[in-house]
K.L.:
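Structure in structure tokens, see below.
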Amino acid sequence: MENGVASTKEEGFLSRMALNDNKAGMEGLDRDKINKIIMETSKGSKFYENELKRDQQVNQRITKMMLQKARITEQQLKKAQAQVEKVATALEKSRDLSRVIVHVDMDAFYAAVEMRDCPELKDKPMAVGSMSMLSTSNYHARKYGVRAAMPGFIAKKLCPSLVIVPLNFDKYRAVSNEIREIFADYDPNFQPLSLDEAYLDFTDHLEQRQHWPESARTHHFRKKAELSQEAMTEIRELSPVLFEDSPGSSPSPVGPEGVRAPAGDFEVFGTSVEEAVREMRFRIEQKTMLTASAGIAPNMMLAKVCSDKNKPNGQYRLPSTREAVMDFIHNLPVRKVCGIGKVSEKMLNALGISTCSHLGQQMALLSLLFSETAWHHFLEVSLGLGSTYIPRHEERKSMSTERTFKELSKVEEQLSLCRELCEDLAEDMKKEGLKGKTVTLKLKNVNFEVKTRAMTLPCAVATVDEIFAVAKDLLKTEIENESPQPLRLRLMGVRISAFASLDDKKPLQKSIIGFLQSGKTDCSSSSQGMHQKPGNELQLEAHASTSACAESETLTCPVCFRKVETTDLNVFNTHIDQCLSNASQKTNNGTESDTESESDLKKDREERAAVNKLRRRHEAQEKKSKVNPQKGQSSVKKDSVQKVSLIKDDNKTATSQEPQPSNSKGPVFVCPVCQLTQETHDLAVFNHHVDLCLNQEVLHELGRQTSSSINLSPAKNSKSTGKRDTPSSPPSKKVKSLGPCNTIDKFFR
DNA sequence: ATACATACC
DNA sequence: TACTGGTATGTAT
């Protein structure tokens, strides 16, 4: 084979195997040396062989694409260019620079937590994970090329002194909760992306912040006294964890809160965005002794890129002007953009595209070579556009569990493992009170080849037996297909999806508690009508919770009346706590009328915000409803309260904007809470009614929950889930009759 | 609806 | 010795 070809292939493959210097902390290391070690350590392994295979598949895709490109005529290109420009103009018109979006990201999160809790590790290269796989590494280790998603044994080759600490998820979760409490102070509707990362919309906070007194912007250091002045300065700039020269070997064991620093040990933060974000990061560091980085930008896509810019322990603000955005985008590597991964990068590179400006220059071509969703995304990226509305965390769509193990070839062992996975999955499903219709089995053989096999049932299931009945069938089929060769597995997984609550919808938020219980639609006969679940109670209950919970996506705060767009009950609780403390502060020196005017002010502000939010959200939903019109429709209801705000805010356009269901004369309002038609054309009156309705409902429902306080955690509320597992479902008969394989029977119970 | 691939942390 | 696990989404059939 010709030299040139061989070498380009190798280089291409490197992009798959080799280290990504994409991430922070990788500057000025010996790339070639590192890559050589990685390749040498991997070479010849099954994993490596499979990666080679996959890389060749990508190469084929690229070849196909290049052929397609060669067939494109000037005329096609011109037409495409016109089309692209049309879309681009529309996108440009929708550009919204009015929001302030922040992306926060903890620095080397897991590693930083472990270092904090074990000072021994502070000056050593370390990583969190196992010999098989690392989750993250500290900055020390990154100098050696050790990074997340790298197997530990390779990392050890790169850095023999590397210390590998096992994962301790409970600890990370606890820290995560701490930082989320702080996030909620800046945006109660923040969206967590993972334990250590979140998007926040700072716009509302900043508006309020302008009127805050200094005292509200003053925050204290957690440590005091024994530190010298220089040490204090250092602590301001350096992470106590990420850098070895941080002051004081181990901080005095004071609680993260409640310890007042003496006068002087505080900092007053300004009212600008940068100050607000700096303040948030400061509070995170004081509370957790861990540092965070942040990006500030007019949309989510940009904010995410920005948060990487001054990592670790830094922040970067991209000004909200079109010019600044386009400047920023210009030389930005496409790979930095969320959603463009290894493969997309490689395909784009093949077209000579490596930066976002290239992307913009090649849009006509891209529109002919990629799917509509793909090129639309590329176009948005090239214009520096992204979402300006942070959606609440969506309900989960699937739940799965999978495990990697030493080769497993015996049928009985595979079946018992499968059952084990189903047990784990069923347990998790119970915790969230979910039921799903589609069961998917995932298999990975010792050659790293992955297969998935799915089956959709007429009814949603959740119990071990139900899930296993399906998973086992799928597994058996695979075993049979392979026989007489055994399946030589290295991984098995079971996933369940198509949750009943998402599909069988009655789009009416009738009961908030119903939602809080997170009861889901239930279809009490199991898979193939094998056995009937006993008990009417169960059915009634399930039915009730169906109508109760379907499609509710916001919770209404009983204190401030505002809709809190979250399904995270911790967030909701935090919001209520805040409201209660605000209210008590405010009513301390005032009377009821005082409170009323406060809330009026609040409402006005809220309504203005609602208009903007709604506008942005509409865009998001239009996209969705294209794909799934039903979902788009169902969201009409949940928006109706806000829609009213919109109408109220802008009376003149109200009738033209909002298609009214009846009455050509004028708007007739139906209360989204009580479902009764309100005989009024006065929006203020109608809004007042809705507020009352919402409030009454919440209070009523909360009051009815006599048991165990107001426990908002669905997991802990056993009212519905508890019953579900009590009926000891008899072992299914179908299962027993399954047939020839005797060894299988023992796995059925 | 199913299978597979890509992406993110 | 050893290359994860959980979730979402896009693409093709």
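None of the values given here were measured: they were computed from a predicted structure.
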K.L.:
If the sugar-phosphate is the primed atoms plus P, OP1 and OP2 and the base is the rest, what is the B/S/- string for nucleotides 6-13 of chain C, using protein heavy atoms under 4.0 Å?
P.N.:
SBSS-S--
K.L.:
Quick one: which of dA7(B), dC9(B), dC8(B) gets closest to the side chain of D196(A)?
P.N.:
dC9(B)
K.L.:
Under 4.0 Å, counting only non-hydrogen atoms across every strand here, what does S344(A) touch: a base, just sugar-phosphate, or nothing?
P.N.:
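Sugar-phosphate, no base atom in range.
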K.L.:
Rounding to an integer number of Å, can you tell me how far Y48(A) OH sits from dC3(C) C1'?
P.N.:
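Atom OH in Y48(A) sits about 14 Å away from atom C1' in dC3(C).
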K.L.:
dC9(B) phosphate, OP1 or OP2: any side-chain N/O from K304(A) under 4.0 angstrom?
P.N.:
yes
K.L.:
Which nucleotide wins on minimum distance to the side chain of T452(A), given the candidates dC9(B), dC4(B), dC3(C)?
P.N.:
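Among dC9(B), dC4(B), dC3(C), the one nearest the side chain of T452(A) is dC4(B).
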K.L.:
Say you pick atom C1' in dT4(C) and the same atom in dA7(B); how far apart are they, in whole Å?
P.N.:
15 Å
K.L.:
What is the distance from NZ of K46(A) to C1' of dC3(C), rounded to the nearest Å?
P.N.:
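Taking NZ of K46(A) and C1' of dC3(C), I get 14 Å after rounding.
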K.L.:
Looking only at side-chain atoms of M131(A), point me to the closest of dA7(B), dC3(C), dA2(C).
P.N.:
dA2(C)
K.L.:
Side chain of R54(A) only, heavy atoms from C-beta on: which candidate in dT6(B), dC8(B), dC3(C) is closest?
P.N.:
dT6(B)
K.L.:
In whole angstrom, give the distance that lies between atom CG of L195(A) and atom C1' of dG5(C).
P.N.:
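Between C1' of dG5(C) and CG of L195(A): 13 Å.
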K.L.:
Calculate the interatomic distance between E51(A) atom CD and dA5(B) atom C1'; express it in whole Å.
P.N.:
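After rounding, the reported distance stands at 13 Å.
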K.L.:
Heavy atoms from C-beta onward define the side chain here; which of dA7(B), dT2(B), dC3(C) lies closest to that of V343(A)?
P.N.:
dA7(B)
K.L.:
Once you round it to whole Å, what is the distance between P of dT4(C) and CZ of F169(A)?
P.N.:
15 Å
K.L.:
Closest approach of M399(A) and F499(A), non-hydrogen atoms and distance?
P.N.:
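Of all heavy-atom pairs spanning M399(A) and F499(A), the closest is N-CZ, 3.9 Å.
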K.L.:
Using atom CG of L134(A) as one end and atom C1' of dG5(C) as the other, report the distance to the nearest whole Å.
P.N.:
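After rounding, the reported distance stands at 14 Å.
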K.L.:
Would you please confirm or rule out a distance under 4.0 Å between OP1 or OP2 of dC9(B) and any side-chain N or O of S135(A)?
P.N.:
no
K.L.:
Give L193(A) one of three labels, base, sugar-phosphate or nothing, depending on what nucleic acid heavy atoms sit under 4.0 Å from its own.
P.N.:
nothing
K.L.:
When the ring planes of Y144(A) and H140(A) are compared, do they come out parallel, tilted or perpendicular, using 30° and 60° as the limits?
P.N.:
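Y144(A) vs H140(A) ring planes: parallel.
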K.L.:
In this structure, are over 12 heavy atoms from other groups packed under 6.0 Å from K171(A) atom NZ?
P.N.:
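Enclosed.
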K.L.:
Table please: side-chain donor-acceptor pairs of residues 153-161 of chain A below 3.5 Å, with sequence neighbours left out.
P.N.:
| residue | atom | partner | partner atom | Å |
| --- | --- | --- | --- | --- |
| K156(A) | NZ | L162(A) | O | 2.7 |

K.L.:
Without decimals, in angstroms, what is the distance between L474(A) CG and dT2(B) C1'?
P.N.:
11 Å
K.L.:
Between S194(A) and V58(A), who's closer to the 5' end of DNA chain B by nearest nucleotide?
P.N.:
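Taking each residue's closest nucleotide, the earlier one in sequence belongs to V58(A).
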K.L.:
Describe the nucleic acid contact of K157(A) in one word from base, sugar-phosphate, nothing, applying a heavy-atom distance below 4.0 Å.
P.N.:
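Here K157(A) touches no strand at all.
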K.L.:
When only distance counts, do a donor and an acceptor, one from the side chain of S45(A) and one from the base of dC3(C), lie under 3.5 Å apart?
P.N.:
no
K.L.:
Under 4.0 angstrom, heavy atoms only, what part of the nucleic acid is K342(A) near: base, sugar-phosphate, or nothing?
P.N.:
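Sugar-phosphate: the residue K342(A), judged by heavy atoms under 4.0 Å, touches backbone atoms but no base.
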K.L.:
Check the angle between the aromatic planes of Y199(A) and H103(A) and answer parallel, tilted or perpendicular using the 30° and 60° thresholds.
P.N.:
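Tilted: the ring planes of Y199(A) and H103(A) meet at 30° to 60°.
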K.L.:
NZ of K53(A) versus P of dA5(B): gap in Å, rounded?
P.N.:
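So the NZ-P distance, K53(A) to dA5(B), works out to 8 Å.
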K.L.:
On DNA chain C, does the nearest nucleotide to F153(A) precede the nearest nucleotide to F405(A) from the 5' side, or the other way round? Give the residue.
P.N.:
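Taking each residue's closest nucleotide, the earlier one in sequence belongs to F153(A).
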K.L.:
Measure across N313(A) and D107(A) and return the closest heavy-atom pair with its distance rounded to 0.1 Å.
P.N.:
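Reported closest heavy-atom pair: N-OD2, 2.7 Å.
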K.L.:
State whether a side-chain donor-acceptor pair under 3.5 Å links K451(A) with N445(A).
P.N.:
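Side chains of K451(A) and N445(A): no pair found under 3.5 Å.
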K.L.:
Could you note down all residue pairs passing salt bridge (charged side-chain N to carboxylate O under 4.0 Å, His left out) where residues 452-464 of chain A supplies at least one of them, sequence neighbours left out?
P.N.:
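Pairs touching residues 452-464 of chain A that pass the test: R453(A)-E478(A).
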